[in-house]
Amino acid sequence: MQQPGWYLQRLRVMSGAEVAHRVARGLRVLSQKFTSNDVPPRELSARDLRFLPPSIAVAPEYLTAAAERILEGRYTFFDLVDCELGDPPQWNRDPLTQRAAGDRRATSIDYRDEREVGNIKYVWEPNRHLHLPVLAQAHALTGDPRYALAIQAQIDSWIAQCPEGWGPNWISPLELGIRLINWSITWQLLGGLRSKLFASAEGEAFRDRWLDSIYRQTRMIAGNLSRYSSANNHLIGEAAGVYVAASTWPLWPQVTQWGERCRSILEEECHRQNAPDGGNREQAFGYQTFVLDFLLLSGLAARARGEDFAPVYWRRIETMIDFLASMTDVAGRLPMIGDADDGRVVDLAPEPGFSAHISLIATGAVLFGRADLAAKAGALDGKTATLLGVEAVRRLGQLRQRARHGFRPRLQFSESGYYLMGAGFDTPDEVRLLVDAGALGYLSIAAHGHADALSFVLNIGDREILVDPGTYAYHTDPTWRRYFRSTLAHNTVGVDEQDQSVQAGNFMWTQHARARCIEFETGTERQRFVGEHYGYQRLEDPVVHRREIVCDVRRRVIEVTDMIRCDGEHRVRRSWHFAEDCQVDRAGGGLRVTSGLTQVHFEPLEDVDSTQLTRGGTAEQGGWVSRSFGRKQPSTSAHWYSRVKGVTVLRTRITYTRSRDVGH
């Protein structure tokens with residue numbers, strides 16, 4: 001269990017209403033009894049609904065190869081490649097640590113305790129059943145019965161091993177919601193109620209077992225929706241799971257009612273959790289793609305039902321996709337700002353090199369008829385083709401032909417707190433500097449935010465220079481979880497070795513740094529940003545950090561001025577985190593950074609007390625980049641330390657050249 005101090009901190013960030021809500025729900029769950037015959041009979045006249053296109057538009061060689069790997073029992077997720085889950089899969093076992101926790105009530109399992117469940121992320125990921133639609137796609141494309149029979153065997157084994165309310169796979173309503181969405185897609189691709197898989201008496205019995213489990217899981221989610229300080233992406237995912245289930249299987253009046261309620265939640269949360277400028281309020285780009293999938297799938301289901309969401313719902317989705325396109329560099333990379341756990345709602349594109357955010361940009365291009373988004377996305381991917389059909393392939397090609405100027409990113413996202421500087425966007429000469437002056441995160445615990453106020457990332461051409469190092473871990477490896485969220489791990493200023501905001505658990509912050517933009521000037525050759533944050537005002541001698549960044553593209557110079565406002569004496573650190581393929585060397589009092597054709601010089605304009613260069617250090621030192629969950633690669637981190645007293649200005653000059661610039 002968590003330490004007593006954690007519970008005290010958690011209570012402090014809850015309102016009285018939330019405490020009462022959680023107590024009442026806990027008592028209700030403890031008194032809940034599960035029986036084998038409490039699923040009401042289905043309405044005989046009701047029919048299931050298909051919202052996916054009838055044809056499969058995925059490259060068959062990639063699709064069948066992915067399906068064959070699943071038949072062979074080889075699964076890949078996070079840092080596990082071709083791992084074995086068992087035959088049938090052991091659904092309650094963590095394939096990373098081999099620990100299992102399936103013989104207890106879900107409410108008695110502490111999923112945060114690795115001694116009980118192993119790494120819960122590695123338990124839950126295969127239980128999302130992202131792989132079942134791949135088998136269903138392969139069956140729909142080839143007609144090979146092996147794929148359909150494998151689906152039946154896996155779902156039957158899951159139902160047998162995971163009875164309602166027991167084991168780790170009934171802990172999180174979000175996980176049930178994702179599983180229901182993947183079951184919906186699998187069900188549709190198999191042919192629904194009219195599937196040949198259900199033609200025999202044995203098939204009918206399987207169908208009934210499957211539908212009973214669908215009802216039970218939908219009921220569990222509807223009765224345990226995330227609320228108050230936990231009502232972040234989980235609430236959207238839970239509501240989407242129920243709404244997609246109610247759309248696919250409107251076979252019980254109770255499910256229909258739950259679906260109507262969750263439709264209203266989706267309409268509200270779409271706007272509450274996503275700012276008018278398109279940024280997700282969790283301040284985590286990975287979760288923006290996650291949330292978009294829930295909203296899009298729910299929208300497609302609603303259109304198929306003939307009860308489409310209001311135009312403002314779709315406009316917010318379009319703006320969110322615009323945001324992603326603006327944040328994506330010329331090489332198709334999205335900065336790793338905030339938490340990311342490689343979470344996916346669906347996995348419908350087996351082709352190599354799939355990119356979740358590029359796929360969403362392509363989907364947005366087709367849905368909204370946007371030629372500029374089509375130019376940004378490039379070729380259509382298998383996921384978009386599966387969701388929108390073969391017509392989407394032709395439509396995207398037409399839109400790309402109409403694109404005259406490519407995609408022009410927006411530069412200012414004042415509601416979300418991001419400011420884009422540079423020039424030559426989406427060209428080989430791109431210079432891209434993105435400043436973060438947004439909130440720490442969403443709601444009182446800001447679960448997925450990082451202490452990155454006034455940090456920035458920098459790309460020159462197609463090369464990443466300064467990066468956000470990513471996430472790496474969630475429930476386990478607490479020292480690394482703390483590091484990757486910390487101020488130390490971001491390209492900003494730290495004071496007295498303190499975080500700007502106060503961490504109080506893996507997904508909780510008790511004191512939030514407030515950041516704001518004071519000035520933002522745009523121009524074709526020169527831009528200027530001024531912002532400040534107040535996270536260090538909690539110190540005995542309060543400190544305010546103001547940062548000015550001037551980007552002069554014509555001169556190829558970036559000037560960073562950090563003003564530290566205080567009365568007493570403090571130790572200040574300026575941190576720089578470089579992409580893992582950057583060669584970083586000391587040059588005089590500064591740094592020379594080389595990456596491909598690009599060379600960048602970082603020069604402090606005042607003397608520094610000491611410089612620390614670290615590559616692949618401890619969690620207290622840094623020197624790592626995590627491109628995907630559970631994996632980290634050595635990189636170089638540089639820290640300049642200065643002793644300040646009273647109001648102090650620290651200046652950094654960044655100059656850059658590319659080898660082909662020489663002689664011009």
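Excluded from the calculations below are hydrogen atoms, water molecules and symmetry mates; all remaining heavy atoms, backbone and side chain alike, are included. Quick caveat: nothing in here was measured; it's all calculated off a predicted structure.
Between Arg99 and Glu116, none of the side-chain N atoms (NZ, or NE/NH1/NH2) sits under 4.0 Å from a carboxylate O, so this pair counts as no salt bridge. Here Asp293 pairs with Lys383 in a salt bridge; the nearest charged N to carboxylate O distance falls below 4.0 Å. Salt-bridge formation is detected for the pair Glu125/Arg344: a Lys NZ or Arg NE/NH1/NH2 atom is positioned less than 4.0 Å from an Asp or Glu carboxylate oxygen.
With sequence neighbours excluded, no residue satisfies salt bridge (Lys or Arg N to Asp or Glu O under 4.0 Å) with Arg50. Residues passing the side chain to side chain donor-acceptor pair (under 3.5 Å) test with Trp210: none are found, sequence neighbours excluded. Take Asp87 and apply the side chain to side chain contact (heavy atoms under 4.5 Å, CB included) test, not counting sequence neighbours, and it matches no residue. Taking Arg305 as the reference, Ser247, Glu307 meet the side chain to side chain donor-acceptor pair (under 3.5 Å) condition, with sequence neighbours excluded. For Glu43, the side chain to side chain contact (heavy atoms under 4.5 Å, CB included) partners two or more places apart in sequence, or in a different chain, are Ala46, Pro253. For the salt bridge (Lys or Arg N to Asp or Glu O under 4.0 Å) test, residues two or more places apart in sequence or in another chain that qualify with Arg481 are Asp339. The side chain to side chain contact (heavy atoms under 4.5 Å, CB included) search around Ser200 returns Glu202, not counting sequence neighbours. For Asp144, the salt bridge (Lys or Arg N to Asp or Glu O under 4.0 Å) partners are Arg146, not counting sequence neighbours. Scanning for salt bridge (Lys or Arg N to Asp or Glu O under 4.0 Å) contacts around Asp82 gives Arg74, with sequence neighbours left out.
Looking only at side-chain heavy atoms (C-beta outward), Leu189 and Leu135 stay at 4.5 Å or farther from each other. Looking at heavy atoms from C-beta onward, Asn92 lies out of side-chain contact with Val123 at the 4.5 angstrom threshold. Looking only at side-chain heavy atoms (C-beta outward), Trp170 and Glu164 come within less than 4.5 Å of each other.
A donor-acceptor contact closer than 3.5 angstrom links the side chains of Trp187 and Asp48. Looking only at atom types and distance, the side chain of Thr363 has a donor-acceptor partner in the side chain of Thr384 under 3.5 Å away. Residues Gln137 and Thr386 bring a donor and an acceptor atom of their side chains to less than 3.5 Å of each other.
Under the ring-ring contact (aromatic ring centres under 6.0 Å, His included) criterion, the residue pairs touching residues 52-86 are Tyr75-His131, Phe78-Tyr122, Phe78-Phe629, with sequence neighbours excluded. The stretch residues 293-321 participates, sequence neighbours left out, in these ring-ring contact (aromatic ring centres under 6.0 Å, His included) pairs: Tyr243-Phe309, Phe290-Phe294, Phe309-Tyr313. Screening residues 248-268 for side-chain hydrogen bond (donor to acceptor under 3.5 Å, both in side chains) gives Ser184-Thr248 as the qualifying pairs, with residues at least two apart or on separate chains.
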